[in-house]
Amino acid sequence: MTLTADNPLVEGLERLPVGPTTLTIFGATGDLARRKLLPALYNLAHEGALPERFNLIGVSRGDESHDAYRQMAREAIGQFSRRRPDPKVLDALMENVRYVSGTFDQPETYEKLGEQLAEFDAANDVPLNRAFYLSTSPAFFPVIVEQLGEHGMSRHEDAEVRVIIEKPFGTTGAEARELNRRVLSVFEEQQVFRIDHYLGKETVQNVMAFRFANGMFEPLWNRNYIDRVEITAAEDVGIGTRAGYYDSAGALRDLVQNHMLQLLCLLCMEPPVRFQADEVRDEKVKVLRAISPPAPDATVRAQYTAGTEGGEDVPGYLDEEGVPPDSQTETYAALRLEVDNWRWNGVPFYLRTGKRLARKVTEIAITLKPVPHLAFEQAGSVGVQPNQLVYTVQPNEGVSLSLGAKIPGTRMAIRPVQMEFLYGTAFMSQSPEAYERLITDAMRGDATLFTRNDEVEAQWRIIDPVLDAWAAGEPALDTYEAGSQGPDTATRIMEPGDRWRAI
Amino acid sequence: MSAAAPVLADRTWFERDTTPAAIEAALRELLVENRHGEDCGAIPARVLNLVAIVDRQWRGEIENRLERVGRYHASRTVLLAIEPRRTTIDARATVLVDAEPHQSGMTTAHEHVVLDIGQEHVEHLATIVDPLVVTDLPTMLWAPHGHADAIDELLVLAQVVLLDSVDEPDLEEAVNRARALAERVYVVDLAWLRSTPWRERIAAAFAPPSERARLSTISAVEIRHHPDSAVAGVLFLGWLCSRLGWRPGALAERRDGSLEGRARARRGEVRLRLRPAPEQPVRGLEGLTIETGDGTVLSLDRGDGGLRARRVTRRGGERTWTVMGASRGEPGILGEGIRQALLRDPTYRPALDAAAVMVG
């Protein structure tokens with residue numbers, strides 16, 4: 001039974017109740033916990049959006065006291081919260097924060113954790129729901145899950161138990177399947193919340209609202225009217241201090257396998273009957289299953305070389321700190337995919353992502369087919385161009401539609417003009433951080449914005465063959481200058497006549 | 001609620017003895033200048049028109065309140081300052097640019113129009129205001145100093161009225177006025193919004209399946225409120241009655257100033273009590289206590305960093321905890337009122353109807 005079903009008091013409330021919960025963060029002193037999770041928890045507390053009764057347990061290797069951990073948490077919240085903390089709310093949050101020291105493979109760690117959980121239950125007189133957040137190195141995911149199982153912490157007769165697993169969920173399909181197998185040998189699928197923080201962004205959820213709350217687009221949303229789709233996730237920054245992670249992952253694993261395929265799913269899926277976890281995810285899985293892995297010649301991989309970004313010289317990837325001098329890791333990836341179903345057959349979907357590109361932008365550009373007959377002269381103008389609908393996810397979330405319009409004057413000359421809508425001008429509220437939404441959804445048991453096991457495996461089914469081909473040197477690794485539009489060869493994967501939009 | 005986002009008063013136009021057409025033309029000109037000026041990156045927000053009708057002598061105070069609502073500024077605010085014997089219209093129009101950009105990096109602009117008008121203008125106020133609001137945006141009316149006649153005159157232009165029922169000293173009048181307005185437009189009542197965290201917490205307290213059964217056994221409810229905020233308490237009781245299917249009776253005043261009554265629930269009667277809390281410094285609720293049939297008593301009271309919850313069982317077991325949440329303060333409540341103009345809460349009207357039975 002959910003907290004909202006049959007509860008007449010929740011009608012009309014913007015914030016639905018979340019059951020009393022103890023949240024345990026494994027990797028509680030790590031970068032993600034400090035930068036994202038602890039500030040997200042504070043902001044939820046500030047807004048009164050945490051459960052009526054809430055406790056936090058941090059688990060990490062460091063030999064900290066409860067007070068030392070609280071102090072670290074206070075500092076992290078002060079530094080990274082999107083709002084200045086209210087001391088009284090912060091004090092109230094810290095009152096129920098505890099720390100458990102230990103390595104993730106030691107049974108004693110889980111014994112101490114069990115004692116702490118029991119202590120919280122006793123203090124509240126009721127068994128609290130338990131959420132375990134795995135914010136550790138992926139190597140520890142199965143270890144922690146199995147230890148939780150062995151210590152009887154994966155089930156509770158009188159409370160809900162959930163496990164939240166950070167990305168990456170495997171670095172290959174085989175790893176993902178093995179991780180799924182080990183996780184699902186301890187937890188039921190409905191207890192597992194695989195994070196893809198992209199799905200927690202308001203902007204990404206807006207893609208669904210844009211499609212399914214506006215009837216005007218649906219008649220055009222198919223192969224009869226859409227010529228091609230480009231999905232771009234470009235960053236102007238380099239790898240920063242993430243060389244260790246990035247060089248083993250690369251652009252394909254970092255963004256395409258998860259975030260960009262998710263965007264593609266939201267764009268291509270059939271309308272779900274209801275906006276409920278399994279119904280939405282069923283539709284996304286159908287899209288993924290309709291995509292064949294691209295042949296090597298439908299892919300591009302490249303690495304940035306030294307160049308200029310924002311007027312300043314920047315080093316090439318191989319000169320970045322921590323990157324092996326002979327690294328073959330791609331910092332740019334582009335694919336041409338096809339969704340082989342009735343709606344999308346024959347429409348090319350171009351995906352590209354890269355570091356150190358000309359500009360930071362994430363967008364979906366849908367180019368419609370040209371008009372069948374042109375009655376106007378083309379001379380004296382850039383002429384009639386196919387309509388283009390561009391959904392910008394970041395930084396300036398909005399929708400623009402290019403339309404043909406007559407240039408003022410005596411001749412019937414046409415050029416494209418932009419009709420633009422920016423979400424920021426139409427809403428007063430600031431969007432919550434993705435983690436705020438995802439943490440509350442997980443504690444509430446709503447898995448709509450999390451990735452299901454078959455979804456993860458379907459994503460890897462598309463990406464695995466690309467990784468294999470790239471490992472075999474097919475195609476060769478290209479280069480591009482930092483601050484540029486990407487490698488010149490990126491157009492190689494496009495249909496004749498198609499070209500990438502300017503970043 | 002974040003701190004107020006500072007705004008830069010960018011371009012201003014002023015004219016004595018002016019007309020709505022001249023003001024509208026000036027606004028258009030200001031927006032064009034804004035588009036081509038130094039702040040050409042500032043894009044006009046297009047969310048909501050707010051038309052505020054105020055006493056001329058308190059105009060500055062209301063402008064200060066509106067400046068402090070954080071990011072929940074209306075896109076276009078039309079402030080009508082009524083000076084009883086004035087016969088002409090003076091107007092000032094300003095385009096304000098947010099000093100703090102939106103999280104996307106985009107900067108938005110808002111228009112702020114102040115009109116000094118006379119009582120004689122109220123009769124045809126709609127013809128003055130109509131050209132000044134942005135077409136196709138919802139329009140919300142707010143008259144913190146009364147001016148019910150002006151509100152009634154402008155209802156034809158509006159979809160939403162913002163009011164604060166605690167401003168009306170008579171409980172019955174307050175409820176009846178809100179009901180009359182709710183017949184014609186959507187009402188956002190600040191007295192109702194002040195109780196939102198309390199309603200959320202009570203909903204959460206009875207949310208776990210193990211607690212749900214207790215809902216039907218509630219036997220007594222006491223609401224403690226700021227002495228001026230009895231209407232907030234009545235609305236809260238009205239909410240419980242309407243959501244839980246109780247049939248309330250009229251409340252009677254006791255010597256100590258409290259109001260008491262009963263509601264008929266499926267399993268029996270529920271005792272209802274509203275008690276003023278003179279020690280409470282701010283408007284709204286101070287605390288509440290709910291008793292259930294098994295003798296459990298749940299209390300919520302204002303505390304540091306949130307609401308202080310206390311549960312006592314028949315056997316004397318006691319638990320206390322803090323339900324976290326920052327106080328929004330009065331500016332935050334007003335900002336929330338503006339934001340709520342774009343939402344629809346289906347539970348206010350039924351609560352108001354139940355409240356009418358209790359105070360009638």
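What you see is a predicted model; the values in this text were computed from it and never measured. All chains are named by letter (A, B, ...) in the order of the sequence lines, taking the proteins before the strands, and each is independently numbered beginning at 1.
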Task: Most chain B-contacting option - heavy-atom pairs closer than 4.5 Å, from A:D158, A:L93, A:D91, A:L90 - done: A:L93
Task: chain B interface, residue from A:R15, A:E52, A:K88 that has the most non-hydrogen pairs under 4.5 Å - done: A:E52
Taking [X] first and then [Y], would you say they form a salt bridge - that is, a charged N and a carboxylate O separated by under 4.0 Å?
X: B:R194; Y: B:E330; result: yes
X: A:D441; Y: A:R162; result: no
X: B:E111; Y: B:R46; result: yes
X: A:R70; Y: A:D67; result: yes
X: A:E47; Y: A:R83; result: yes

Taking side chain as everything from C-beta outward and backbone as N, CA, C, O, which of these in [X] sits under 4.5 Å from a heavy atom of chain A? Side chain, backbone, both or neither.
X: B:R311; result: side chain
X: B:Q340; result: side chain
X: B:A109; result: neither
X: B:I338; result: both
X: B:R319; result: side chain
X: B:T322; result: both
X: B:I202; result: both

Heavy-atom proximity to chain B below 4.5 Å, by part of [X]:
X: A:L13; answer: side chain
X: A:D86; answer: side chain
X: A:L422; answer: side chain
X: A:E11; answer: both

Open item on the list: Within the 3.5 Å criterion, strictly below it, is a donor on B:D345 or B:W192 matched to an acceptor on the partner's side chain?
Closed with: yes
Task: Distance-only donor-acceptor check, side chains A:N43 and A:E433, under 3.5 Å - done: no
Task: Side-chain (A:Q191) to main-chain (A:V161) donor-acceptor, under 3.5 angstrom - done: yes
- [ ] Any chance you could measure A:L9, atom CG, to B:F206, atom CZ, to the nearest 0.5 Å?
- [x] 7.5 Å
